[in-house]
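Below: one structure, written as structure tokens.
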Amino acid sequence: MARQTVKTEITGKVWKITAEKGQRLAEDEPIVILESMKMEIPVAAPIACTVVDIVVAEGDAVTEGDVIAHIET
């Protein structure tokens with residue numbers, strides 16, 4: 001199994017965490033939802049995977065390129 005990181009593509013605030021450690025996700029299934037400029041933007045799994053760890057909490061501020069989760073394929 002290969003481990004990968006999932007990073008944000010925008011600056012914003014973690015509005016909601018939609019996945020949990022150990023959860024199996026399909027490609028494009030959301031891990032967290034960010035709020036930026038009053039818009040909700042999902043950060044999705046890039047491939048089918050299992051969530052190893054989520055390294056942000058609801059309410060955290062993130063910037064472009066920050067790691068939000070570790071996944072395993």
Side-chain angles (χ1 to χ4, degrees):
M1 290 190 196
R3 280 198 180 191
Q4 296 182 15
T5 57
V6 179
K7 299 179 181 182
T8 63
E9 295 180 3
I10 61 163
T11 297
K13 182 177 171 183
V14 179
W15 178 69
K16 185 174 185 180
I17 297 173
T18 58
E20 57 187 46
K21 185 177 179 178
Q23 184 175 349
R24 184 88 180 131
L25 299 175
E27 183 177 354
D28 293 328
E29 194 169 349
I31 299 171
V32 302
I33 299 174
L34 301 179
E35 178 184 32
S36 181
M37 297 173 56
K38 298 186 181 185
M39 294 175 55
E40 296 173 9
I41 297 117
V43 179
I47 54 175
C49 62
T50 300
V51 177
V52 174
D53 193 24
I54 297 175
V55 297
V56 293
E58 289 180 2
D60 284 357
V62 294
T63 58
E64 184 178 346
D66 283 354
V67 174
I68 58 137
H70 299 280
I71 58 171
E72 208 164 58
T73 57

Practice prompt. Specify the closest pair of heavy atoms between Val43 and Val6, including all atoms of both residues, with the distance to one decimal.
Written response: CG1-CG1, 3.8 Å
Discussion item. Quick check: closest heavy atoms across Pro46 and Gln4, and the distance to 0.1 Å?
Written reply: CG-OE1, 4.4 Å
Worksheet entry | Distance-minimising heavy-atom pair for Ala45 and Ala26 | CB-O, 3.8 Å
Worksheet, complete the sentence: Between Arg24 and Cys49 the two heavy atoms that sit nearest each other are NH1-C, 3.0 Å
Discussion item. What verdict does the salt bridge (Lys or Arg N to Asp or Glu O under 4.0 Å) test give for Glu35 and Lys13, after you've listed the backbone C-alpha separation in whole Å, the side-chain angles of each residue and the deciding distance to 0.1 Å?
Written reply: CA-CA 5 Å; Glu35 178 184 32; Lys13 182 177 171 183; 5.1 Å; no
Worksheet item: Do the side chains of Met37 and Val14 join up, straight or via other hydrophobic residues, at under 4.5 Å, putting them in one cluster?
Response: no
Discussion item. Could you go through Glu29 and Gln23, starting from their C-alpha distance and side-chain angles, then the distance that decides it, and tell me whether this counts as side chain to side chain contact (heavy atoms under 4.5 Å, CB included)?
Written reply: CA-CA 11 Å; Glu29 194 169 349; Gln23 184 175 349; 4.2 Å; yes
Worksheet item: Counting only heavy atoms not in Glu9, do more than 12 sit closer than 6.0 Å to its CD atom?
Response: no
Discussion item. Looking at Arg3 and Ile71, would you say the former's side chain and the latter's main chain have a donor-acceptor pair under 3.5 Å?
Written reply: no
Discussion item. Is there a continuous path of hydrophobic side-chain contacts, each under 4.5 Å between heavy atoms, that joins Ile10 to Val62?
Written reply: yes
Practice prompt. May I ask you to test the His70-Val51 pair for a side-chain heavy-atom distance under 4.5 Å?
Written response: no
Worksheet entry | Donor-acceptor pair, side chain of Ser36 and main chain of Thr11, under 3.5 angstrom | yes
Item to complete: Test side chain to side chain contact (heavy atoms under 4.5 Å, CB included) on Trp15 and Glu40 and set out the steps.
Response: CA-CA 8 Å; Trp15 178 69; Glu40 296 173 9; 3.9 Å; yes
Discussion item. Within the structure provided, determine whether Ile54 and Lys21 are in side-chain contact (heavy-atom separation under 4.5 Å).
Written reply: no
Worksheet item: Can you check whether Ile31's main-chain N or O pairs, donor with acceptor, with Thr18's side chain at less than 3.5 Å?
Response: yes
Item to complete: Answer yes or no: is there a donor N or O on one side and an acceptor on the other, between the side chain of Thr8 and the main chain of Thr63, under 3.5 Å?
Response: yes
Worksheet item: Quick one: do Ile41 and Ile17 end up in the same hydrophobic cluster if we chain Ile, Leu, Val, Met, Phe, Trp and Tyr together by side-chain heavy atoms under 4.5 Å apart?
Response: yes
